[in-house]
There are 2 protein chains.
Amino acid sequence: MIMDISDLKLLSLLQQNAKTSIQEMAAHISASTASVQRRLKSLRESGVIKKEAAILDQKKLGFGITAIVSVELERDRLDQINAFKQKAKQDGQVTNFYCIAGDADFVMIVVAKDIADYEKFTHRFFFADKNVRKFRTSIVVSTEKATLDLPL
Amino acid sequence: MIMDISDLKLLSLLQQNAKTSIQEMAAHISASTASVQRRLKSLRESGVIKKEAAILDQKKLGFGITAIVSVELERDRLDQINAFKQKAKQDGQVTNFYCIAGDADFVMIVVAKDIADYEKFTHRFFFADKNVRKFRTSIVVSTEKATLDLPL
DNA sequence: GTTGAAAGGTTATTACG
DNA sequence: CGTAATAACCTTTCAAC
């Protein structure tokens, strides 16, 4: 996939607002709407744009707690690692999941309604799982999310 | 803000695809397009929908490295903490930033083109900052991002 | 005040030069 | 690649509840 500055500009615009109109984008890169359309098509098909999604406010949805949890598994066996990954991926309270180089280590971002609800999560997700050797929780106080800077 | 099951369904749809048409949403909740429109309006105005954005593929944009970095500051002075937060928020390579309860501790998700580029980032961001007492880097091997499960 | 059906306007898409 | 025609969509109005 070959990309030029115009493509990057489109990505930057869409990253800030997925509802930016094609006309507006066309104006930004001084091109026709058809050109923008074709660019978007290939950006989507090539997977550079993974998805266009609504970002929701967790607090306003009743998830007052965010936690960063680092997890260590009992053994570094691939099937166990994959099983754990799968479990995390499917869980509605796990919003992000990172697999760390080196050991059987993971970092996950978990949301919960309150502390009691987080407790319940740990029982369900960690204590009930024989593969989990240990886990360490850090409660998040505030979050800032930046957007990816593109080399325009 | 009062929300019912239909609102949650709309959020769930938009979380998966921000380009879902109003007609399609109306079909899902068995309502008119005008009703969906009114619901979306208040969901946006109340901030439950924070933004609608394109999610980009970092690897395909040339950012091959993702790192989780935990950072400890020299002192817990509020102005220093805020200055650091601000710096992180504005930095194009810092995609996520979490402020941890307790001490002057942070966790950030950082992207870089390659290891050398990450080195440069650490020099710029950590070594050049007298407030940073220490930082610890974990390189991310794989990432899974789940969506928030809504109680439908 | 809230709702849904339908009209009217805007935007996205496709076909063609 | 851009223009223009087509199609899809969004928005507003308005009447009924």
Side-chain angles (χ1 to χ4, degrees), chain A residues 1-63 145-152, chain B residues 1-62 145 147-152:
Chain A
M1 165 99 210
I2 38 168
M3 282 195 299
D4 60 11
I5 296 193
S6 294
D7 287 317
L8 291 174
K9 279 186 186 166
L10 295 183
L11 292 175
S12 178
L13 288 170
L14 286 178
Q15 192 178 216
Q16 277 151 356
N17 179 16
K19 294 196 104 58
T20 313
S21 75
I22 300 213
Q23 292 182 16
E24 198 178 325
M25 294 189 222
H28 265 88
I29 66 168
S30 313
S32 67
T33 59
S35 169
V36 171
Q37 203 89 251
R38 281 188 277 265
R39 286 172 184 275
L40 292 184
K41 187 170 189 290
S42 67
L43 287 170
R44 291 201 181 98
E45 283 173 355
S46 68
V48 174
I49 296 176
K50 282 202 285 192
K51 71 188 304 199
E52 280 143 290
I55 314 292
L56 309 181
D57 189 315
Q58 296 172 351
K59 292 243 170 73
K60 286 181 180 157
L61 284 163
F63 294 101
K145 196 171 239 162
T147 52
L148 195 60
D149 245 9
L150 303 172
L152 298 181
Chain B
M1 166 97 211
I2 37 169
M3 282 195 299
D4 60 11
I5 296 193
S6 294
D7 287 317
L8 291 174
K9 279 187 186 163
L10 296 182
L11 291 175
S12 178
L13 288 169
L14 285 178
Q15 194 179 213
Q16 277 151 358
N17 179 15
K19 293 195 104 59
T20 313
S21 75
I22 297 203
Q23 293 181 16
E24 199 178 325
M25 294 187 223
H28 266 88
I29 66 168
S30 311
S32 66
T33 60
S35 168
V36 171
Q37 202 102 243
R38 283 188 278 264
R39 286 171 185 275
L40 291 184
K41 187 169 188 286
S42 66
L43 286 169
R44 291 203 180 97
E45 283 174 354
S46 69
V48 174
I49 296 175
K50 283 202 284 193
K51 72 186 306 196
E52 281 143 289
I55 313 292
L56 309 181
D57 189 315
Q58 295 170 352
K59 291 244 170 71
K60 288 181 179 158
L61 284 163
K145 195 172 240 162
T147 53
L148 196 60
D149 245 9
L150 303 172
L152 297 182

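These figures come from a predicted structure and were not determined experimentally. Chain letters run A, B, ... following the sequence lines, proteins first, then strands; residues in each count from 1.
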Exercise. Rounded to the nearest angstrom, tell me the gap between atom CG in D7(A) and atom P in dC1(D).
Key: 10 Å

Practice problem: Evaluate whether atom NZ of K59(A) has more than 12 neighbouring non-hydrogen atoms of other residues, nucleotides or ligands under 6.0 angstrom away. | Solution: no

Self-check item: Sidechain-backbone polar pair: Q15(B) side chain, L148(B) backbone, donor-acceptor under 3.5 Å
Solution: yes

Quiz item: Which listed nucleotide (dT12(D), dA12(C), dT3(D)) is nearest to the side chain of A34(B)?
Solution: dT12(D)

Exercise. Could you work out which one of dT13(C), dT11(C), dG4(C) sits closest to the side chain of Q23(A)?
Key: dT11(C)

Self-check item: Between P of dT13(C) and CG of L40(A), the distance in whole Å
Solution: 8 Å

Quiz item: If you check the Q37(A) side chain, which of dT13(C), dC10(D), dT3(D) turns out closest?
Solution: dT13(C)

Quiz item: Does D57(B) pair with K50(A) as a salt bridge, N-O distance under 4.0 Å?
Solution: no

Quiz prompt | R38(B) CZ to dT3(C) C1', straight-line distance once rounded to whole Å | solution = 6 Å

Quiz prompt | I22(B) side-chain proximity, nearest of dA12(C), dC1(D), dT11(D) | solution = dT11(D)

Practice problem: Figure out the CD1/P separation between I29(B) and dG4(C), and round it to whole Å. | Solution: 9 Å

Self-check item: Donor-acceptor pair, side chain of D4(B) and main chain of D7(B), under 3.5 angstrom
Solution: yes

Self-check item: Separation of dC9(D) C1' from K19(A) NZ (nearest whole Å)
Solution: 11 Å

Quiz item: Given atom CD of E24(B) and atom P of dA8(D), what is their separation to the nearest angstrom?
Solution: 14 Å

Quiz item: To the nearest angstrom, how far is K41(B) atom NZ from dC10(D) atom P?
Solution: 17 Å

